[in-house]
Structures are given as C-alpha cells and as structure tokens.
Number of protein chains: 2
Amino acid sequence: MTRVRNGHDAHGAGVTRAQRAVLAALAAEGPFVSAQDLHAQLRGAGEGVGLTSVYRALQALADAGEVDVLRTPSGEATYRRCGSDRHHHHLVCTSCGTAVEVEAPALERWVRQVAATHEFAVDSHTLEISGRCRTCARD
Amino acid sequence: MTRVRNGHDAHGAGVTRAQRAVLAALAAEGPFVSAQDLHAQLRGAGEGVGLTSVYRALQALADAGEVDVLRTPSGEATYRRCGSDRHHHHLVCTSCGTAVEVEAPALERWVRQVAATHEFAVDSHTLEISGRCRTCARD
DNA sequence: ACAGCAATGAAAACCGTTTTCAATCGAACG
DNA sequence: CGTTCGATTGAAAACGGTTTTCATTGCTGT
C-alpha cells in the first residue's frame with residue numbers, strides 16, 4: 001500500500017504531522033480549546049509544532065468536519081472533536097469549557113418552519129446554551 | 001428640569017453625544033452593522049464622532065440592553081436596535097444583513113428542560129438562523 | 001470665574017489570526 | 001543513491017478589529 005501524501009486519504013483525517021498532533025491532543029474528548037491553548041499544550045508535551053501549523057491544521061480539520069468550532073463571546077475560536085458526526089448543538093460550561101452534545105429534531109423542524117414563514121432560504125443555524133455544569137455549579 | 005450628566009437618566013438611553021449619534025444612526029431599524037460601518041456612516045453624514053467613541057457608545061448601549069449584538073462568523077461584532085425589548089432570536093440575511101426578530105417560547109422551554117436533564121444551570125443561550133431573505137434569494 | 005469630573009478622540013497597544021517566504025521533508029523517478 | 005518537485009513547516013511580519021492610554025475639551029455645580 002502506497003503511503004498517502006496528501007488529503008486523498010480514505011478517511012480524510014490526520015494526514016500531515018501537525019494534523020495528527022492536533023487530533024491526538026484533541027482526542028481526549030474534553031472541553032473546547034483555543035488554537036493557542038492547543039499550541040501551548042503540544043509545546044508542553046514536547047511536540048514540536050509551530051503555532052502557524054496548529055492554526056492550519058485546525059482550519060483543515062474544521063473544513064473537513066473532523067472538529068467542531070465554537071466562538072467564545074469574546075470572539076476567540078475554540079475547537080473540539082465531537083463524538084457525533086451528525087448535526088448537533090452544545091451545552092457548554094462557562095467555567096470548565098466542557099460540552100454536552102444534544103440533538104434536537106424538533107428544533108430543526110421549527111427552524112425550517114419559521115424560515116419558511118418569513119421566506120428565508122436557510123443556510124445554517126446555531127444554538128448554544130451556556131451555563132455551569134454540575135461540577136462547576138458550586139462556585 | 002436639571003440636565004442629566006451621566007447614565008442616571010430615567011431611561012438610560014443616549015446620554016452622551018456619541019451615544020445619541022449612534023442611536024440616531026441605528027434608529028433606521030435596518031440590518032446589523034459593525035462599529036466601523038457605523039463610524040464611516042456618521043463621518044459621511046458630517047457627524048464628527050471618533051471611532052473610539054463609537055466603540056464606547058456601542059459597548060455602553062449593549063450593556064444597557066439598548067442594542068443587540070451579533071458576532072458575524074468572521075468574529076466581527078455587529079449591532080442593531082431591535083424592536084422588541086423582550087428576549088428574542090434572529091433570522092439574519094447573509095447577503096444584506098437584514099434581520100427578522102422571532103420569539104420562541106417553545107424553544108425557551110425546551111432549553112430549560114434539556115439543561116435540567118444534564119444538570120446545567122443555564123446562564124444564557126443563543127440561536128441564530130442565517131440564510132437569504134426573499135429579496136436577496138435571487139442570487 | 002473656577003474647580004473637578006466626565007467625555008472625547010488620535011495614536012498606540014493588544015491579541016487572535018492569516019500571510020509571506022525561505023528552509024525542509026519526502027515520495028517518485030531515473 | 002541522487003535529483004527533482006510539490007507539499008509541509010514555522011518564524012516573523014502583516015492584518016484587522018477592538019481596547020487602552022493620555023492629553024485635551026466641555027459641562028456642571030459652587
């Protein structure tokens with residue numbers, strides 16, 4: 001089997017070294033993290049990956065749908081490797097960043113209906129719920 | 001009637017010159033606009049308002065709940081003076097920026113319920129639907 | 001008038017992200 | 001092996017939106 005050189009992989013994930021490193025770091029399935037956090041983390045772990053490459057890898061992975069992107073209220077982009085590849089929304093803890101994935105078929109239906117009422121052709125929609133998870137709830 | 005000097009106004013809106021200018025420009029009830037757009041617009045109209053003041057005014061007005069803030073996918077903050085002061089969501093046209101306000105009591109209920117299921121104490125939630133309005137739908 | 005504090009705005013700092021560009025890597029081919 | 005050539009990498013610089021700094025201006029109450 002000839003080794004793949006670029007994104008023509010059967011699977012589309014983790015082709016370049018940076019992408020593999022990022023995916024590995026993200027594999028923990030933890031909270032949403034920013035590119036810079038990720039970079040610091042990789043650096044700390046001895047992984048020699050440049051910040052630029054982290055950004056590029058995240059961008060590529062996000063484009064490929066391998067990771068989910070979330071903008072924090074301050075405008076920073078954060079990333080997470082989600083369990084489901086289906087369309088879903090998040091419950092995000094403002095304190096520790098952990099996220100719970102939720103699907104909401106009823107919501108999706110409602111969105112389509114409202115859009116139709118106002119004669120909008122829907123491109124996309126986002127729903128994010130932020131609060132404190134059980135663990136962080138006790139200030 | 002003594003003139004008000006600062007935000008201790010009965011109403012909380014448009015106390016400083018910059019705030020008044022911004023509110024006036026936003027009054028058109030049109031699309032969501034960025035701080036810079038607003039600044040250019042005011043400058044064009046002969047209103048001598050500095051960019052810094054526009055930012056400050058928007059921040060104050062947003063804090064006071066006088067205007068709604070929306071982050072574009074690129075991370076830029078855009079503002080709009082909404083018709084309703086009640087909690088609501090938006091249908092936003094990606095082409096012209098126009099927005100339709102929608103209330104969704106059923107959604108609010110659903111959010112609370114989902115949060116409860118996962119033992120989250122909800123702080124806030126956002127739902128934005130983006131697409132093309134009827135006028136812009138024809139490419 | 002005058003003191004004092006809020007508002008203003010130009011310029012500089014900030015900060016996350018993207019771009020540039022030269023160096024490096026590595027598969028393919030001879 | 002050695003060369004070629006496109007892809008990858010990363011340091012540094014550019015970028016763009018936003019915030020901060022700080023000196024100036026303008027009101028307000030005395």
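Order of the sequence lines fixes the chain letters, A, B, ..., with proteins taken first and strands second; residue numbering starts at 1 for each chain.
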Taking all heavy atoms of B/G131 and all of A/F120, pick out the closest pair and write down the distance.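 Scanning both residues, the minimum pair turns out to be C-CD2, 4.2 Å.
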Looking only at heavy atoms, which two atoms of B/E47 and B/A21 are closest? And how far apart?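 Heavy atoms of B/E47 and B/A21 come nearest at OE1-CB, 4.3 Å.
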Counting distance only, does the side-chain N/O of B/Q113 pair as donor-acceptor with the main-chain N or O of B/R109 below 3.5 Å?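 Not confirmed, B/Q113 side chain does not pair with B/R109 backbone.
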Counting only heavy atoms from other residues, nucleotides and ligands, does the tally under 6.0 Å from CZ of B/R134 exceed 12?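 Incorrect, the count does not exceed 12.
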Just how far, in rounded Å, is P of D/dT8 from CG of A/L58?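 These atoms are roughly 16 Å apart.
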Using atom NE2 of A/H39 as one end and atom P of D/dT9 as the other, report the distance to the nearest whole Å.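 For the pair A/H39 NE2 and D/dT9 P, the rounded distance is 13 Å.
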Does [X] place a side-chain N or O at less than 4.0 Å from the phosphate oxygens OP1/OP2 of [N]?
X	N	result
B/R20	C/dT8	no
A/T16	D/dT8	no
A/R43	D/dG10	no

Within a strict 4.5 Å, meaning less than it, do heavy atoms of the B/H125 and B/H89 side chains meet?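 Sidechains of B/H89 and B/H125: in contact.
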Does some side-chain heavy atom of A/L23 sit less than 4.5 Å from a side-chain heavy atom of A/R81?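 Sidechains of A/L23 and A/R81: in contact.
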When you check every protein heavy atom under 4.0 Å of nucleotides 16-21 of chain D, what one-letter string (B, S, -) results, 5' to 3'? -SBBBB
